[in-house]
Number of protein chains: 2
Amino acid sequence: MATDTRTRILDASAALLARQGYNATGVKQIVTEAKAPFGSVYHHFPGGKQEIGAAAVVISGKLYEQLIPAVFDNTPDLPTGVRWFFNGAAQHLVETDFADACPIATVALETASTSEQMREACAAVFNSWIAAGSEMQQTRGGLSPESARRLTIAMIAALEGAFVLARAQRSVEPLEVAGELVAEAAEREQSLGQRAVSRAPASDETSG
Amino acid sequence: MATDTRTRILDASAALLARQGYNATGVKQIVTEAKAPFGSVYHHFPGGKQEIGAAAVVISGKLYEQLIPAVFDNTPDLPTGVRWFFNGAAQHLVETDFADACPIATVALETASTSEQMREACAAVFNSWIAAGSEMQQTRGGLSPESARRLTIAMIAALEGAFVLARAQRSVEPLEVAGELVAEAAEREQSLGQRAVSRAPASDETSG
DNA sequence: TACTCGCTAGAGCGATCAATCTAGCGAGGT
DNA sequence: ACCTCGCTAGATTGATCGCTCTAGCGAGTA
């Protein structure tokens, strides 16, 4: 029934890193939150705090990656999905009193220049999000792989930056503005993609 | 000749907070870097680390705010200015080995939920950037106050988020993609604004 | 010469940090 | 019954944290 010690440590770490960042989260705090014995930490994670952090970041990344299909699979088109995505983020931010935004952004900035292990873990998460978003936009939006990748990167960047502004200002305005910017870009990309598809459903480019 | 102790403390703090964030920067490290006597810290800043951090954030904010006119005043039009801005950020990021991005973003995320004093200082900086960018886009791009504010917020958000991705991935691709997204939005906004201006240079809206 | 006071100077406080250490529990194998 | 070993358990280490404390320097005033 109860999850094992290792899982509890990682779950607690993921939650604490998301809310406090890396440097503000202590190993003692993690084991207290996880109701885990302190001595078990360095048995399961001989690499210490960095190994815990890297593993926790990956777990958070996989969890949040599921939000992409969860939102966009129930959406009429790409731009609407983008708007739902940003609106949902804004709503969650308000509900958590502007505490829960991106689970790894703070950690990514803190550790980008100080821990190669942590930096790589964060980069891997971002890459998985980009891959998942790109595939979604290709299959559901009819975008080319290049367009899908660029629009996904832009969407994630706009979301991350809007989180920074929103948490500092305690306002969802940045999320609304950034979301609309990306949604309008998605409208143009999708109309271009669908036009190309409907014009030449299964042929190479041969028009002049 | 030599700047006074208080100024040296703030300059050193601004540099350290930009590169390491708030929690990773110690007061001892600040006075060492500033070549300042430790005892002077709590004479000049009785509020302790938070007061130093808040003042340093504001100083960094004013310094970086000057980049907006410095770039956009020498640019042919708004979209070109946006591209120069993001390209310059990307170049600086590469030159500093992906260490120097936004001077306050890391601090903003770290302290948003733990120190009201720090959060307000960061929010004030972001607001001053938004005000400066909005005014620039109104005067140079012919945008309405509302459009200028929204485009500025979007630009800052895209830049901040692209920094997060770029530092984690050690790649300027996010800056290129996000910059292009904002530049294209600026193209549409400027063409709309200029069309409106040339159509009705000094009259109220009376068209149907 | 006395006195004030803004500032320098750094020793030292208690608390907390990440990490190491030894000790022992307890299920599975023989 | 006995042993093994994955795991629990927490005391302890040395370093560092933000901060407080007293002492004294040195320019300005009387």
Side-chain angles (χ1 to χ4, degrees), chain A residues 1-57 106-107 110-119 121, chain B residues 1-57 106-107 110-119 121:
Chain A
M1 181 91 296
T3 53
D4 61 14
T5 302
R6 187 190 153 90
T7 304
R8 271 184 286 125
I9 289 175
L10 286 180
D11 289 346
S13 299
L16 289 171
L17 291 182
R19 289 181 171 264
Q20 306 177 340
Y22 185 81
N23 290 315
T25 300
V27 179
K28 283 244 171 67
Q29 187 184 16
I30 291 173
V31 300
T32 301
E33 192 79 6
K35 299 193 196 323
F38 184 83
S40 301
V41 169
Y42 290 87
H43 169 77
H44 292 292
F45 305 94
K49 190 184 177 184
Q50 287 193 25
E51 184 181 347
I52 302 173
V57 157
T106 310
V107 177
E110 282 180 294
T111 61
S113 298
T114 55
S115 164
E116 194 64 8
Q117 185 179 4
M118 288 296 298
R119 199 217 94 226
Chain B
M1 182 91 297
T3 54
D4 62 13
T5 303
R6 187 190 153 89
T7 304
R8 271 184 285 125
I9 289 174
L10 285 181
D11 289 346
S13 299
L16 289 170
L17 290 182
R19 287 181 172 264
Q20 306 177 340
Y22 185 82
N23 291 315
T25 300
V27 179
K28 285 243 170 69
Q29 188 185 14
I30 290 174
V31 300
T32 301
E33 192 79 7
K35 300 193 196 320
F38 185 84
S40 300
V41 169
Y42 290 88
H43 170 76
H44 292 292
F45 304 95
K49 190 184 177 184
Q50 287 194 25
E51 184 181 347
I52 301 173
V57 157
T106 311
V107 176
E110 281 179 294
T111 61
S113 299
T114 55
S115 163
E116 194 64 9
Q117 184 179 3
M118 288 296 299
R119 200 216 93 226

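Within every chain, numbering begins at 1; the chains are lettered A, B, ... in the order of the sequence lines, protein sequences first and strands thereafter.
- Across the interface with DNA chain C, nearest-nucleotide mapping of Lys28(A) and Thr5(B) shows Thr5(B) to be the residue nearer the 5′ end.
- Among all heavy-atom pairs drawn from Ala12(B) and Ala34(B), the shortest one is CB-CB, 3.7 Å.
- More than 12 heavy-atom neighbours from other residues, nucleotides or ligands sit within 6.0 angstrom of CD on Glu51(A).
- Applying the salt bridge (charged side-chain N to carboxylate O under 4.0 Å, His left out) test to every pair with at least one member in residues 13-31 of chain A, sequence neighbours left out, gives these pairs: Arg19(A)-Asp100(A).
- More than 12 heavy atoms of other residues, nucleotides or ligands sit less than 6.0 Å from atom CD of Gln50(B).
- Here the straight-line distance linking atom OG1 of Thr32(B) with atom CD of Gln29(B) works out to 7.5 Å at 0.5 Å rounding.
- In this structure, CD1 on Ile9(B) lies 8.5 Å from CD1 on Ile30(B), to the nearest 0.5 angstrom.
- The stretch residues 36-49 of chain B touches DNA chain C through Pro37(B), Phe38(B), Gly39(B), Ser40(B), His43(B), His44(B), each having a heavy atom within less than 4.0 Å of the strand.
- For the pair Arg6(B) CZ and dC7(C) P, the interatomic distance rounds to 10 Å; values are reported in whole Å.
- Residues from residues 16-27 of chain B lying near DNA chain D, meaning a heavy-atom separation below 4.0 Å, are Thr25(B), Gly26(B), Val27(B) in numerical order.
- Considering NZ of Lys35(B) and OG1 of Thr3(B), their distance stands at 11.5 Å, rounded to 0.5 Å.
- Here dC19(D) presents its C1' atom at 17 Å from CD of Gln29(B), a figure rounded to the nearest Å.
- Distance check: Lys49(B) NZ to Met118(B) CE gives 9.0 Å after rounding to the nearest 0.5 Å.
- A straight line from CD1 of Ile9(B) to P of dC7(C) spans 12 Å, rounded to a whole angstrom.
- Following rounding to the nearest Å, Ile30(A) (CD1) and dT16(C) (P) show an atom-to-atom distance of 17 Å.
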